[in-house]
Amino acid sequence: MAEDDSEWIIESIVGYLGSPEWVIPVTDFMENKCTVFDDEDENKLSYTDIHQQYKKLVEKLLENYMQEVGINEQQFLDACTSPFAKSKSLQAVFQPVLATDDFQMFRSLMVQKNTELQLQALRVIKEQNGALPECLTDGVDVMTELQQQEMKILEDVLKKSKEEYDEEMSRRLLIEKQMGSTSSSSSDKPNKGDEARSAALTSSKQSNTSKPTLGSSVQPNLLPAVRAPTKSSESSDANRHQAEEQSSSTEAAAEAYLEEAHREAGFSKPYTELSPSQQEQLQQRAAYLRQQRDKLHALKREKQKSRQAAEPEEPSHTPPLEPATNLEISAEEKKKLQKRKHLADKLKEEVVKK
Amino acid sequence: MGEAQKGLLSVIEKLKGSTEQEVRIVLLGLDNAGKTTLLKTLASEDVNTITPTQGFNIKSVASHGMKLNVWDIGGQRKIRPFWKKYLENTDLLIYVIDSADKKRFEETGLELSELIDEENLKGVPVLIFANKQDLATASPASEIAEGLNLHTYRDREWQIQACSAVSGEGVQDGMNWICNNIVNRKK
């Protein structure tokens, strides 16, 4: 019995850890705080405060979740220590939770996030300017060989995952076509998404074979995450709009960026006492940081908007299931569904009993 | 105190479920005492490129079937106020003293006695490394122990160990004391 319990609990937990209620605040936190995390051997004192804040955030989120679902800490713990939760694939899901207790793990997550953001920012700048400004290519911002290797690995991984994703999507599309649109009412929305994605796939294939001229908005080697919102010229216009808005309305932020650049550069003297060349460097760095933030925020808003538009509202209290596939239900899936129904019944029963 | 009242983070702590026993050790002392050098010696790393620590370093060392997570926090005067942020859940304190820096014996004694009074370190065993014994001007450990009034510590296990972090001499003896002590404590 206990095992059955932990099975639905763990399914629910994993679902929660993949849901926007968890992902958005945690990702937001990491993206906002990761800039001070570098891969130096020595840790900065400020890491500790950020780790504390992270602990509080995760604790709050999980407490809310457990209250909502109606499980206590013991059940949570039992579920998480059950053999089912020990599988490799689930361990990755639990990493952000474990990072509350493991500073080293937290640090590596933050360093990784920082690298990702910088990489994205560099790509956005490259995309818009055609080339990187000088201050980002040599001198101030020279990357060590190690970092370059890491970035290359990261790129490869991202590329690979996009390929796999596209493959999966086109496969589904194919099956769908073969099935005809008998289930059109239920699959309306995902279908559109698939079409859009397959269109993206073909367009990226085209651009891979015939190199686009400079100035076309789509470039071949971009990360999927970055390019997705800039597919249509319309949305990239909106991006620019937002970025402009932001930069004009945030005078105070500009100072903050300058300060951050100042801190990152590790100059101990106040800004005004630095030599002109150092000041200039800082200005450049600040401008770069500002650009990076603005763009990423604009992109994210865009992404979120499109996600919200694409996803129908779901009641949040049911344990999130996997996105309903619109393929014909195989025997195995039927079994799975039955099992879920069974679990739901059981859950209901327990709630009613209480 | 019941299980449910201990808070969520203690639950998460158990999630790691590692079979290894983990021990949290904090390594403190004045600047230039040799904390980072000691840390690197413990981790069998190169000790020739060490610069003053502005933040903190962490190394995990496997010893006697335990995983020792050693936190080395910078010792400069302006960083010392941050020490107390790192004391929570600490199983053991290592305090490092530059045995040749007689002028600052008083200062290091004051810092140590402040640590001993910290609520988070209540009853926590302390190992004092009388470091830099390779220098000719180093005071012997017994003399330092007397100066620190170690014999008045009644509320915890303590030990003073002469060592040289650079040569590694005495370091292992100190670690053996730690492991024996932790094992006794946790049983």
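The sequence lines fix the lettering, A, B, ..., with proteins before strands; numbering per chain opens at 1.
B:F56 touches chain A through backbone and side chain together, each having a heavy atom under 4.5 Å away. Looking at A:N72, neither its backbone nor its side chain comes within 4.5 Å of chain B, counting heavy atoms on both sides. With a 4.5 angstrom heavy-atom cutoff, A:Q104 touches chain B only via side-chain atoms.
Of all residues in residues 29-50 of chain B, those placing a non-hydrogen atom less than 4.5 angstrom from a non-hydrogen atom of chain A are B:K40.
When the shell of 6.0 Å around CD of B:E107 is examined, it contains more than 12 heavy atoms from other residues, nucleotides or ligands. More than 12 heavy atoms of other shown residues, nucleotides or ligands fall within 6.0 angstrom of atom CD in B:Q54. No more than 12 heavy atoms of other residues, nucleotides or ligands shown are found within 6.0 angstrom of CD on B:E157. Within a 6.0 Å radius of NZ in B:K102, more than 12 heavy atoms belonging to other residues, nucleotides or ligands are found.
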TODO: Output, in order, the C-alpha distance, side-chain angles, deciding distance and verdict of side chain to side chain contact (heavy atoms under 4.5 Å, CB included) for A:D49 and B:K85.
DONE: CA-CA 9 Å; A:D49 289 333; B:K85 290 189 180 186; 2.8 Å; yes
- [ ] Take A:N43 and B:W71, measure what side chain to side chain contact (heavy atoms under 4.5 Å, CB included) needs, and give me the verdict at the end.
- [x] CA-CA 10 Å; A:N43 302 289; B:W71 294 57; over 6 Å; no
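In this structure, A:T115 has no side chain to side chain donor-acceptor pair (under 3.5 Å) partners at least two apart in sequence or on a different chain.
A distance of 7.0 Å separates CD1 in B:I73 from OG1 in A:T48, rounded to the nearest 0.5 Å.
In this structure a side-chain-to-backbone donor-acceptor pair under 3.5 Å is missing from A:E42 to B:T53.
In terms of non-hydrogen atom pairs under 4.5 Å with chain A, the most contact-rich of B:D72, B:I79, B:N57 is B:N57.
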